[in-house]
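In what follows, every chain begins at residue 1, and chains take the letters A, B, ... in the order their sequences are listed. What you see is a predicted model; the values in this text were computed from it and never measured. Only heavy atoms go into these numbers, but all of them, side chains included; no hydrogens, no water, no symmetry mates.
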Protein chains: 2
Amino acid sequence: MKSFIKVAPDSHFPIQNLPYGIFSTVENPNPRVGVAIGDEILDLSVIHALIEKHVPELGQKPMIFKESSLNSFMSLGRPIWKAVRKCLQNILSADNSELRDDAELRAKAFVAQNLANMHLPAQIGDYTDFYASKEHATNVGTMFRGSDNALMPNWTHLPVGYHGRSSSVVVSGTALRRPCGQRLLAKNNPPVFGASIRLDFELEMAFIIGVGNELGNAIPINKANNHIFGVVLMNDWSGPFLGKNFGTSISPWVVTLDALEPFLVKGPEQKPEPLPYLRDNGPSAYNVQLEAKIKPYDSNAYKTVTRSNLKYMYWSFKQQIAHHTVGGCNMRPGDLCGTGTISGPSEGSRGSLLELTWNGQNEIDYDNGIKRKFIEDGDEVVLTGYCQGEGYIVGFGDCSGKILPAINSP
Amino acid sequence: MKSFIKVAPDSHFPIQNLPYGIFSTVENPNPRVGVAIGDEILDLSVIHALIEKHVPELGQKPMIFKESSLNSFMSLGRPIWKAVRKCLQNILSADNSELRDDAELRAKAFVAQNLANMHLPAQIGDYTDFYASKEHATNVGTMFRGSDNALMPNWTHLPVGYHGRSSSVVVSGTALRRPCGQRLLAKNNPPVFGASIRLDFELEMAFIIGVGNELGNAIPINKANNHIFGVVLMNDWSGPFLGKNFGTSISPWVVTLDALEPFLVKGPEQKPEPLPYLRDNGPSAYNVQLEAKIKPYDSNAYKTVTRSNLKYMYWSFKQQIAHHTVGGCNMRPGDLCGTGTISGPSEGSRGSLLELTWNGQNEIDYDNGIKRKFIEDGDEVVLTGYCQGEGYIVGFGDCSGKILPAINSP
Ligand SMILES: [Ca+2]
Ligand SMILES: [Ca+2]
Ligand SMILES: [Mg+2]
Ligand SMILES: [Mg+2]
Ligand code: NI
């Protein structure tokens, strides 16, 4: 499969991927729906009539690609997602003349990615952060409770998850302020007020709910995939003891579950066997190679500090959904579910500075003798991830963010 | 101050109150903005021109009262809220003929409350549940950690809060399903799957954010009230060990902070003195008498199981906002902040069955020999609350909900 749009061999966005995002441009500042192909964006609001022609099941929906989030499109469900994906692969294919040879339409329909502003892809109703990597949970547990009690007793029985703050989810590229709050200098002393001193990144991915469920009705595990639209990279920044509400960054391009299907692999063995509602006849892990790079403010170079993989995650997306809804909780289009920090089995695959420096005991060496335990003001963190196909890559692009100094106490 | 609309002496909704809500009717199923007065609703979408005439600062906003949530109106800020409140008190006053003597407009502008469907008043972006009652925290802490460690060490230093699930916030009157999940029958045994057996109510109130703040900028405590639009009753249903995402009920009428101002009182003394960013030159507690009634499925009578008061709350709304945003967290119009269960100093003022039965050790006696420890299928819980003025009441109406049987395992 090849597109008439030039796609470099190392591009994250070949015709096999076609992730969805929300973008705007200087000429047209209205955020709208686009699909990434090579270095370009195909503006779906411009070619909506072509899509409606090829996907009659979609009906006449001239507005759906003009909206400022993917929520309406995502709520249409997997059969429509699949049909639109097939249609776009068709329209973009090298041997289809429809768009290729229509110079006027082509000129309007493509926008260079480097001229576009990316926005949050979804209006996020609720954000849940799971804690689904056994290696991560074990590392953190070992640090704070010792190796004998590293995993909490329920950890192997269910995918633990926490509610997060949806208001502070931002798109890649948004700079964030170091948070302030109360801190204990010494046990039994009163807390003091100040800026977080141990700011960290968390290498995560997140899936976005396309189709929701009614309050009171669980989503059974064998139907869970029908509810997931796609997946993004996520940096769930943290400032220990000072809360986690100052920002969570996600990548702008939502890679669909359909594009990820060729990269399904078996996940970690689960022992003890989960209860029936969590039993998953795999493969349902995804082989996504992940990487975090940091550029210290006083350096010009990015250094890769960890390489991990989504396939290390213990609890699958499907298990996370089945558990999240089993008590009757309703999910809505646009809900965001983070994996939790994804650490792998080796020291070089730990997904946070907390683990990489082992609670600040070690330092990371950057270029020119620069050393860091945690993140300093002006430092930039970039997450990236991709699946290696045969002759092509299905990638997620970047999820980047820079930390700005704290604003002083109010 | 008296209205030309008849208001019974024990009505929760005299002209001194004027709470906002979202309602629809059989004749006009579009949810829209109304204000409660006596047993009626004044339909603001019908009289918007009259409001625009009296509140020139509002400008021409014909759509703002036709929306299906209060979010747009709330985002306009306190000066507009105050001006519209004054205008409505004027229009409704017994000696103003403008609406009173316009029979045609009156016929269109008023809807009987018992003919209206109430909807959620706000589109809730994020829901935070605080844990701000010292008596409640002490009761629960004593039960599970013993009286020596009842309060966690940070409890007296900051208003502890948790993210909640906004998707499952429902309006009063919505029936909810008993949740299912994993449960431990005995320590060190594997968990089993089943319906929650200790379902409980939590007597809470919640404030709704009107005006938000930018990510990275805290709201100082002396500005916090400018961000609060109003207050509702909240039942934060719980099913211990099985999560809390199956439902949170709120009352439909948002009582504004302006209507509550006459009921400001001094809150509990705070020792140790909070850090400067949390110092609050009171009075900033509100004297709201609260009550929870239960009607067991096998009885015809409601029994009051507890009487509490919002003024017992240790951390004020202002302190909750100052703390929530001090790390840079942004709040948005429609965000919901619960107080946590409000228990008072006496046994009869405990705000949950967990406390009232002291972890199931005691039973509550209802009529005809019916006894309960927790809530059974078909039982109904009604919260109510009001402020007693001189010759009038500023009330919150009811927040009710019934528990339906669990749907079996998926
Ligand atoms: Ca996390
Ligand atoms: Ca609660
Ligand atoms: Mg975060
Ligand atoms: Mg709840
Ligand atoms: Ni939320």
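Remark: B:His163 NE2 to A:Thr128 OG1 distance equals 10.5 Å, nearest 0.5 Å. Rounding to the nearest 0.5 Å places CD of B:Gln182 at 3.5 Å from OH of A:Tyr277. Rounding to the nearest 0.5 angstrom, the gap separating the CG atom in B:Leu158 from the CZ atom in A:Phe193 is 11.5 Å. Between the CE atom in A:Met331 and the OG atom in B:Ser167 there is a gap of 7.5 Å [rounded to 0.5 Å]. Expressed to the nearest 0.5 Å, how far OG of A:Ser168 lies from CG of B:Asn330 amounts to 5.5 Å. B:Asp126 contributes atom CG, which lies 8.5 Å from atom CG of A:Asn245 (distance to the nearest 0.5 angstrom).
With a 6.0 Å radius and a threshold of 12 heavy atoms from other residues, nucleotides or ligands, B:Gln123 has its CD atom at or below the threshold.
For B:Leu176, the part lying near chain A is the side chain, with the backbone staying farther off; criterion is any non-hydrogen pair under 4.5 Å. With a threshold of 4.5 angstrom between heavy atoms, B:Thr325 does not approach chain A through any atom at all. With a 4.5 angstrom heavy-atom cutoff, B:Pro153 does not touch chain A via any of its atoms. Only the backbone of B:Val192 comes within less than 4.5 Å of a heavy atom of chain A; no side-chain atom from C-beta onward does. Proximity to chain A is limited to the side chain of B:Asp335, based on heavy atoms less than 4.5 angstrom apart. Contact annotation for B:Leu215: only side-chain heavy atoms (C-beta onward) come within less than 4.5 Å of a heavy atom of chain A.
Chosen from A:Val170, A:Leu184, A:Leu275, the residue pairing most often with chain B at heavy-atom distances under 4.5 Å is A:Leu275. Ranked by heavy-atom pairs under 4.5 Å with chain B, the list A:Ala322, A:Gly328, A:Gly216 is led by A:Gly216. Contact count versus chain B (heavy atoms, under 4.5 Å) is highest, among A:His324, A:His323, A:Arg178, for A:His324.
When all heavy atoms of B:Arg165 and A:Cys329 are compared, the pair lying nearest together is NE-SG, 3.3 Å.
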